[in-house]
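Presented below is the structure to which this report refers.
Just so it is clear: chains get the letters A, B, ... in the order the sequence lines come, proteins before strands, and each one is counted from 1.
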Amino acid sequence: MNDTSRKAARITGRVFDPDLLSRCISCGFCLPACPTYAATGDEASSPRGRINLMRALQDGDLDPYDPTLTEQASACLGCRACEPVCPAGVEYGQLLEQWRDHQWKGRRQPPVARALMLVTRLREVFRVLGGLRRLPADVLGKVRRPRPGKPAGAATPEASLMLGCFEQVLFPEVSRAARQLVPELAVPTGQGCCGALHAHNGDTATGERLAHRLGEDLPGTIVTTSGGCAAHLASVLGRNRVREISELLAAGGTTAVPQEPQPPLSKNELGELKVDGRRARVTLQDSCHLRNGLGVWKEPRALLDRIADHVELPSAAGCCGAAGTYSLLRPRESRRILDAKVREIEAAGVDYVVAVNPGCLRQLQTGLRRSRSRVKAVHIAELLAQAVEASRN
Amino acid sequence: MQAPVRAALRSIVGDANYRDTDGDLVPYSRDATPLFSARPDAVVFPADTAEVAAVLELATRHTVPVVPRGAGSNLCAATVALRGGIVLALTRLDHVLEIAPPELLARVQPGVTSKALADAAARENLLWAPDPGSRTVATIGGTVATNAGGLRGLKYGVTRDYVLGLEAVLPTGEIIRTGGRLHKDVAGYDLTRLLTGSEGTLAVITEATLALRPAPRTSGTGVAYFSDLATAGRAVSAIISDGVLPATLEFLDRSCIRAVEEFAGLGLRADAGALLLFGDDGEPDSVAQVMARMADACSAQGALEVSTAGHIAEAEALLAARRCALPALSRLGSLTILEDATVPRPRIAEMVDRIDRIAEGHDLTIATFGHAGDGNLHPTCIIESHEDTDSVARAERAFGEIFSAALELGGTITGEHGVGAAKFPYLSAQLGPDQVSLLRRVKAAFDPAGILNPGKLGS
């Protein structure tokens, strides 16, 4: 790149939505909430420091290919733990997406992320992969494939279950459990990716397009077992179109606005989970985007309290290091965070650690397996489905 | 900064703790103060007092400015490197070295946050009393260096009332220890107090010995609405004249109440001209009694409505109004200038009235909240956009007038934020030429080469 074009690039100045970027008042309240700042102690890897970098990029005060800019755009977990503590209401997650959209344009996008995104576009691949794992037969067998935008059954369903592109391959049992818990959910086949992966990895346009398409394919309220997908879909389609499964079950009803105070799982439907004849001990790992993006964290805890002895993990609200593609892109940093998390889980003396997002589930399973732990990582839907079974025995 | 200095810095702190690329310096170009920014030449993260001493000695030898920095959460541009040089980030020195319950004290490194110290003290049933609004992030080094205040100044005082001793490194590299573990110690000039509030211009604090108090067993909170601030001010006077020294006496003016209600929908009274939050802590019986006396005093002065919280959740709901003040105001525009002019307690209403008129005269939005117990006001100016240079210029003029008004009423240009670069231009108006000149001589005695945080206080 020659000097003239570098200067031109510097003064284009519209990488970020100026309204979003100007919200930050630089108070620094986000510093203690940030896992990467805790690890480095360097302001550059704090939310405020990154916003100052973004401002320098926007205003042309920094070379757009400055190595710190590139490094920090990727070093951020994107966990959004800075958002709930921000007095000025900075939408950091949005800024990070815009940053990566610019920073990772074209060839600069990490190859691993690019490969994953390509895969998600091949809906058929998922159906085949799902088929190999007997997914359609188990989960989708009785549901006819709807035409896009049309209901699955005769009447318009109030809510549809989102299967999730990676989840239906890696954890088909989670959707199975969700259907057991809420049988009235429509489950349209041939679902694509929600686009969260793209939005978090430097392709916001595709991220939005895929979310809209999924919104057309899934009638009514979209129910998801993935906190990350829930937050992305809510940001594109609106909060009211989306319910994460524990949120749905704790609040009651399958409609967007609960009609009755009665939860769909009444007391006598949820039995007690037992391990070795005693009440099971469980702990929850929050999904960052579910907690920080959508403010859902009490709901899964309330459900777990009903079926087992729930122990709060000291760092439950902190990222587990999965962070979407982070564990693949930056394995060393991811593992450092995960190792500390696993030690905490071990110390909690629990039977299960419960996830509300497939990425966290995979990360926790990996960490626990590696340390040969006896604790099992499960999705909340699976545990609740077991509790329903228990009530019937 | 010359290459040999850079190389020497690297060898002192190690490559991993040295930064000097453009991108690495951007995040250290500013602190929490709007409108102030300057890029340093390097940032170093020393591991211990010896490394701090080596950096300072080097800087004096080469006459390179050094700006000590904790979390960078101050509101007076105290940590902006106005003349470039080295930012000395003390965040790696972050250990609570000791909590000594029998002596009611703590010994900490400067990078420990106020909250971390408060938590460590609480585990021993002790209280770290200073609680600036930034307590979760602010470091003890910065808290001492700016003599930070907080929400319970009337009853508990400010940081200076709790600093027993300091370890500090002089700009020339010598390590000194002032004061110690004693509450009574009158040997020598009180350098501990001189360094407290010196804003990193005299020495770099590397350890602090701090007084703790027994933790109060319980606390109570109440809220009263008044038709105007003058009436609220009379209620405050009545409370204190009644012999009560409450832990909490916070107020919001009409603009703040409106902004908070729009932001958080807490159900605050829209017709009120002032909201007074009052509270106390201590033994349960005494707190209950004091709360009742304060509520009575408010009613007697003609409060529109008075209520006290029956339990913690209710107290939290009442406190939310005060906590929401800054978030609510900051959402009204993209530039929030938060100041801290302070006046004698009986003149709060008069001062807020002056602020309102100044704001009107300059066609600005300035809302005021603050600590009614100690006259510490936070006039907060909201400007739609950073790029609105005309409004920014008017705000600067308005704050000049606000500081003058505070001085006229027997107050100060800054109650708790500090002078830094932000209020340096107004300092001589408050201190007068003789004191400013003494400040310069004090500064020269500590820092002959003038390397420590130049452009501030006695520079």
Name the atoms and distances for all side-chain donor-acceptor pairs under 3.5 Å in residues 34-42 of chain B, with sequence neighbours left out.
{"unit_1": "B:Arg39", "atom_1": "NH2", "unit_2": "A:Asp61", "atom_2": "O", "d": "3.0"}
{"unit_1": "B:Asp41", "atom_1": "OD2", "unit_2": "B:Gly85", "atom_2": "N", "d": "2.8"}

- A:Leu69, A:Val85, A:Asp66, A:Leu31: which one forms the most heavy-atom pairs within less than 4.5 Å of chain B? A:Asp66
- Query: Which atoms of A:Ala44 come close to chain B, meaning under 4.5 Å heavy atom to heavy atom: side chain ones, backbone ones, both, or neither?
  - Reply: both
- Item | Heavy-atom contact with chain B under 4.5 Å, split by part of A:Arg50 | neither
- Item | Residue pair A:Leu62, B:Val26: steps toward the side chain to side chain contact (heavy atoms under 4.5 Å, CB included) verdict | CA-CA 8 Å; A:Leu62 203 53; B:Val26 161; 4.0 Å; yes
- Query: To the nearest 0.5 Å, how far apart are CG in B:Leu25 and CG in A:Asn52?
  - Reply: 12.5 Å
- From B:Asp22 CG over to A:Leu53 CG, what is the distance, rounded to the nearest 0.5 angstrom? 11.0 Å
- Pairwise side-chain contact, A:Asp42 with B:Arg19, heavy-atom cut-off 4.5 Å (strictly under): yes
Is it the side chain or the backbone of [X] that comes within 4.5 Å of chain A heavy atoms, both, or neither?
X        : result
B:Ser134 : both
B:Asp31  : backbone
B:Phe45  : side chain
B:Arg30  : side chain

- Item | Closest approach of A:Cys27 to B:Ser73 (non-hydrogen atoms, all atoms of both residues) | O-CB, 3.7 Å
- Taking all atoms of both residues into account, what is the closest heavy-atom pair of B:Ser330 and A:Pro87, and its distance? OG-O, 3.7 Å
- Message: Checking B:Thr91 against A:Tyr37 for the side chain to side chain contact (heavy atoms under 4.5 Å, CB included) test, could you report, in this order, the C-alpha distance in whole Å, the side-chain angles of both residues, the deciding distance, and whether it holds?
- Response: CA-CA 11 Å; B:Thr91 42; A:Tyr37 178 71; 3.7 Å; yes
- Find the one option among B:Lys115, B:Arg92, B:Arg323, B:Arg69 whose heavy-atom pairs under 4.5 Å with chain A are most numerous. B:Arg69
- Task: For atom CD of B:Glu387, decide whether the heavy atoms of other residues, nucleotides or ligands shown that lie under 6.0 angstrom number more than 12.
- Result: no
- Short side-chain to backbone donor-acceptor contact, B:Arg331 and A:Arg23, under 3.5 Å: no
